[in-house]
Amino acid sequence: MNLFRAFQDDVVAIVEKLVKSGSLPEGLDTSRITVEPPRDATHGDISTNAAMLLAKPAGMKPRDVAEMIAPEIAALKGVAKVDVAGPGFINAGLTDEYWHDRLVYVLKAGTAYGASEIGGGEKINVEYVSANPTGPLHVAHARGAVIGDALVNLLRKAGFDVTSEYYINDAGNQVDQLARSAHLRYREALGEVIGEIPEGVYPGDYMIPIGQELAETLGDSLKDAPEAEWIDIFRNIAIERLLVGIKEDLAALGIHQDVFTSERDLVQAGAVEHVEDLLQGRDLLYRGVLEPPKGKAAPEDYEPREQTLFRATDFGDDTDRPLKKSDGSWTYFSNDIANHLDKYERGFKKMIDIWGADHGGYVKRMQAAVRAVTDNEGELDVKLCQIVHLKKGGEPFRMSKRSGNFVTLRDLIEELGENGKDVVRFIMLTRKNDSQMDFDLEKAVEQSRDNPVFYVQYAHARCHSVLRNAAETLGADTLSADKLVKANLKHLDDAAEIEVIRTLAAWPKMVEAAAEAHEPHRVAFYLDDLASVFHGLWNKGKDDTRLRFIDENDEDVTRARLALVLGVATVIASGLEVIGVTPLEELR
RNA sequence: GCGCCCGUAGCUCAGUCGGAUAGAGCACCAGAUUCCUAAUCUGGGGGCCACAGGUUCAAAUCCUGUCGGGCGCACCA
């Protein structure tokens with residue numbers, strides 16, 4: 001449960017009560033009332049803006065409204081004191097007992113703690129990676145993969161019914177070039193000297209084994225055959241093999257998407273004609289000529305051509321967009337509309353796509369198309385990922401083992417050693433998705449405060465280290481959550497201890513806010529905060545022995561503190577679960 | 001020329017559907033450590049939140065314009 005939401009309900013109830021008693025006028029809008037933690041901790045534990053919001057419509061001064069509400073809040077369970085401050089904030093401090101109850105709640109819930117119902121079981125589709133099946137994944141894909149996957153977990157925790165999806169771009173020119181590349185490697189495997197690989201054809205070494213396989217299974221029958229005879233076969237096999245590799249690359253990052261949708265299958269099933277019919281039926285298509293882009297030099301081969309255009313401007317786009325090329329064939333755009341319409345027809349009103357920033361110019365038209373084709377029922381959010389600059393010790397990092405001239409995802413993970421997956425996942429979430437970032441391979445494996453992966457992992461391991469130590473004298477079987485939940489938590493009375501619980505108690509709100517904003521990076525920042533307050537408490541114990549977790553002379557106090565330690569470990573594990581990082585119990 | 005994203009401490013970045021005196025880490029300065037893991041800790045200095053208007057009880061946050069940086073700009077995918 002999100003405690004702020006609970007208090008928010010209480011405040012709204014108080015306002016309604018005051019309306020009923022005639023102290024406040026009727027017809028007030030309570031929907032914008034919030035209860036939040038004050039930014040400055042000296043203002044208490046919770047704060048509401050209710051008085052400032054209601055003052056104007058009620059025709060009263062904010063402070064007067066506040067003075068009416070404040071005593072009612074003071075009467076709520078768990079509230080220790082209430083102040084009216086500033087322009088009309090009502091601040092409340094909560095009792096230690098209230099916070100102790102929160103800790104009990106954490107221990108009872110385990111890593112499920114933080115789960116929310118705000119999603120209400122609503123279906124939502126998250127499409128990410130969707131790289132062309134023309135080679136192994138590289139670093140540029142890693143960020144979108146991690147953001148997408150963490151977002152999926154986050155939305156699930158927030159109560160949505162999430163489907164994770166990969167759209168396979170297996171139609172069009174690129175995969176034809178792939179087929180040609182496979183044919184070239186096939187000829188090479190049959191002993192031919194292929195020389196320089198032509199422009200546009202994929203040159204990577206990863207095509208060599210596919211060529212060899214084709215040579216073994218097909219013999220030399222298609223060696224000199226015209227393209228039309230082999231291109232379908234070569235394309236299908238190459239795509240299939242590369243897709244297996246891509247899935248392995250994703251698995252190395254701990255990613256297993258639910259649905260892989262083939263563009264080619266959709267096209268063959270007539271999904272694009274379906275789009276055309278739908279748009280036609282809504283009178284959103286016409287034959288027209290697109291102007292060349294103004295200002296900048298027009299493309300050299302520009303000539304006015306008539307084609308089928310979609311009225312994207314009716315839905316907020318800057319210009320109408322072609323559904324068909326001038327030769328009458330479908331554009332990539334039209335296929336992608338079919339993809340999104342297909343999702344909608346599978347029951348997803350909410351859709352999220354994770355794209356690279358270089359596709360930013362494509363967002364408006366896709367959103368316009370989704371609205372058009374779903375009669376404004378469907379809703380597409382697009383998260384753009386800015387590029388990642390790989391560094392090593394501050395210097396740009398390049399290497400090329402498996403393929404042409406880019407760093408593959410596998411290379412990256414392997415370069416980072418045993419915890420490569422966890423390091424990549426965490427670091428990728430240490431920036432907002434739309435900020436550029438540097439990924440320094442040296443810093444990412446450093447064991448220091450500078451490295452958030454380590455800092456958070458270490459906090460978790462440190463918790464378990466304490467529990468292991470305590471187990472030696474108290475017995476491991478007495479330190480489980482269901483035993484520690486019965487500890488006498490009254491002993492947790494130091495401000496630093498309460499501060500830790502307060503941070504634990506913020507986790508459910510964090511999950512909800514991050515899920516609503518579609519921003520998984522907030523989880524990584526929260527975990528860094530939590531680790532920080534926990535390490536802080538630990539360090540206090542260094543100066544003040546009375547605050548150490550284990551007091552050999554007082555088992556009662558020790559158990560209370562171990563309950564807190566277990567609570568911290570639980571919430572860190574819960575958060576790491578969301579971002580897909582393994583909570584290590586030992587770092588040695 | 002148009003569209004989108006970004007502009008917050010010396011550096012890298014957070015900043016909750018608008019909330020109180022704008023935060024963190026690094027770097028810098030001054031101290032601490034026979035102690036459950038020193039795999040450090042405490043304190044301090046440092047800001048016209050790019051700029052100018054507007055909306056609001058309240059703006060880093062929303063709107064308009066300007067400047068600076070990135071990305072994208074017929075039928076490619």
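- Under the 30°/60° scheme for interplanar angles, the aromatic rings of Phe549(A) and Phe534(A) are found to lie parallel.
- Per the stacking criterion (ring centres < 5.5 Å, plane angle < 30°), Phe89(A) stacks onto the base of rA20(B).
- Listed pair Lys325(A) / rA77(B) meets the phosphate criterion, a side-chain N or O lying under 4.0 Å from OP1 or OP2.
- For the pair Arg449(A) and rG25(B), the criterion of a side-chain N or O lying under 4.0 Å from OP1 or OP2 is not met.
- Looking at heavy-atom distances under 4.0 Å, Leu53(A) makes contact with a base.
- Glu303(A) comes within 4.0 angstrom of a base, heavy atoms only.
- Side-chain proximity of Ser448(A) to the nucleotides rU40(B), rU16(B), rA77(B) is greatest for rU40(B).
- Nucleotide rC71(B) has rG3(B) as its partner under the Watson-Crick or G-U criteria, with both atom distances under 3.5 Å.
- The aromatic rings of Tyr362(A) and Phe333(A) lie perpendicular to each other, with more than 60° between the two planes, well past the 30° mark.
- Ring pair Phe315(A)/Phe310(A) is parallel by interplanar angle, where below 30° counts as parallel and above 60° as perpendicular.
- rA74(B) atom P lies 18 Å from atom CG of Asp327(A), rounded to whole Å.
- Nucleic acid contact for Pro62(A): none, since no nucleic acid atom lies under 4.0 Å from a heavy atom of the residue.
- Residue whose closest nucleotide on RNA chain B sits further toward the 5' end, between Asn132(A) and Arg431(A): Arg431(A).
- Nucleic acid contact for Phe333(A): none, since no nucleic acid atom lies under 4.0 Å from a heavy atom of the residue.
- Computed from coordinates, the Leu429(A) CG to rA14(B) P distance equals 12 Å when rounded to whole Å.
- Between His359(A) and rC5(B), a side-chain N or O to OP1/OP2 separation shorter than 4.0 Å is absent.
- Summarising the base pairing, rA20(B) is matched to no nucleotide, lacking a Watson-Crick or G-U wobble pair whose two defining distances lie under 3.5 Å.
- Residue Ser532(A) places no side-chain atom within donor-acceptor reach of the base of rA24(B), judged by atom type and a 3.5 Å distance cut-off alone.
- Across all strands shown, Ala85(A) has heavy atoms under 4.0 Å from base atoms, whether or not it also approaches the sugar-phosphate.
- Asn433(A) has its CG atom 14 Å from the P atom of rC13(B), to the nearest Å.
- Each of rC36(B), rC57(B), rU16(B) was ranked by its minimum atom distance to the side chain of Glu36(A); first place goes to rU16(B).
- Relative to the six-membered ring of Trp330(A), Lys324(A) meets both conditions, a distance below 6.0 Å and an angle of at most 45° to the axis.
- Side-chain atoms of Tyr458(A) lie closest to rU37(B) of the nucleotides rU16(B), rA77(B), rU37(B).
- In this entry the distance linking NZ of Lys324(A) with P of rC76(B) reads 14 Å, nearest Å.
- Taking only side-chain atoms of Asp358(A), from C-beta outward, the nucleotide of rA77(B), rA74(B), rG72(B) with the closest atom is rG72(B).
- Dashed line: the shortest gap from a side-chain N or O of Lys364(A) to OP1 or OP2 of rC4(B) is under 4.0 Å.
- Atom CG of Asp336(A) and atom CE of Met366(A) lie 5.0 Å apart (nearest 0.5 Å).
- In this entry the distance linking CG of Asp438(A) with C1' of rG70(B) reads 14 Å, nearest Å.
- Nucleotides rC4(B) and rG43(B) place their C1' atoms 45 Å apart, quoted to the nearest Å.
- Comparing the C1' positions of rC71(B) and rA58(B) gives an interatomic distance of 35 Å, to the nearest angstrom.
- The listed nucleotides are rA77(B), rU40(B), rC36(B); the one nearest the side chain of Arg548(A) is rC36(B).
- For His43(A) and rA20(B), the ring-to-base geometry satisfies the stacking test (centroid distance below 5.5 Å, interplanar angle below 30°).
- In this structure, of rC6(B), rA39(B), rA77(B), it is rA39(B) that holds the atom nearest to the side chain of Gln447(A).
- In this structure, CG of Asp317(A) is placed 13 Å from C1' of rG72(B), rounded to the nearest angstrom.
- For Lys432(A), the listed nucleotide lying nearest its side chain is rG15(B); candidates were rC75(B), rG15(B), rA77(B).
- In this structure, the nucleotide among rA77(B), rU37(B), rA14(B) sitting nearest to the side chain of Asn469(A) is rU37(B).
- Ala357(A) comes within 4.0 angstrom of sugar-phosphate atoms only, judged by non-hydrogen atoms across all strands, and of no base.
- The base of rC75(B) sits within donor-acceptor range of the side chain of Arg305(A), with an N or O pair under 3.5 Å.
- Closest to the Ser465(A) side chain, of the nucleotides rU37(B), rC57(B), rG15(B), is rU37(B).
- Between Ser435(A) and rA14(B), a side-chain N or O to OP1/OP2 separation shorter than 4.0 Å is present.
- Within 4.0 Å of Tyr455(A), counting heavy atoms only, lies no atom of the nucleic acid at all.
- Ring planes of His460(A) and His464(A): tilted class, angle from 30 to 60°.
- Side-chain polar atoms of Thr558(A) and Asp551(A) form no donor-acceptor pair below 3.5 angstrom.
- Heavy atoms of His535(A) sit nowhere under 4.0 angstrom from any nucleic acid atom.
- With hydrogens and angles ignored, a donor-acceptor pair under 3.5 angstrom links the side chain of Asn91(A) to the base of rA20(B).
- A salt bridge between Glu306(A) and Arg287(A) is present, with a side-chain N of the basic residue lying under 4.0 Å from a carboxylate O of the acidic one.
- Here Ser329(A) lies out of heavy-atom contact (under 4.0 Å) with every strand.
- Going from atom CD1 of Ile427(A) over to atom C1' of rU12(B) covers 12 Å, rounded to whole Å.
- Distance Leu309(A) CG to rC75(B) C1': 10 Å, rounded to the nearest Å.
- A salt bridge links Glu497(A) to Arg561(A): one of the charged nitrogens lies within less than 4.0 Å of a carboxylate oxygen.
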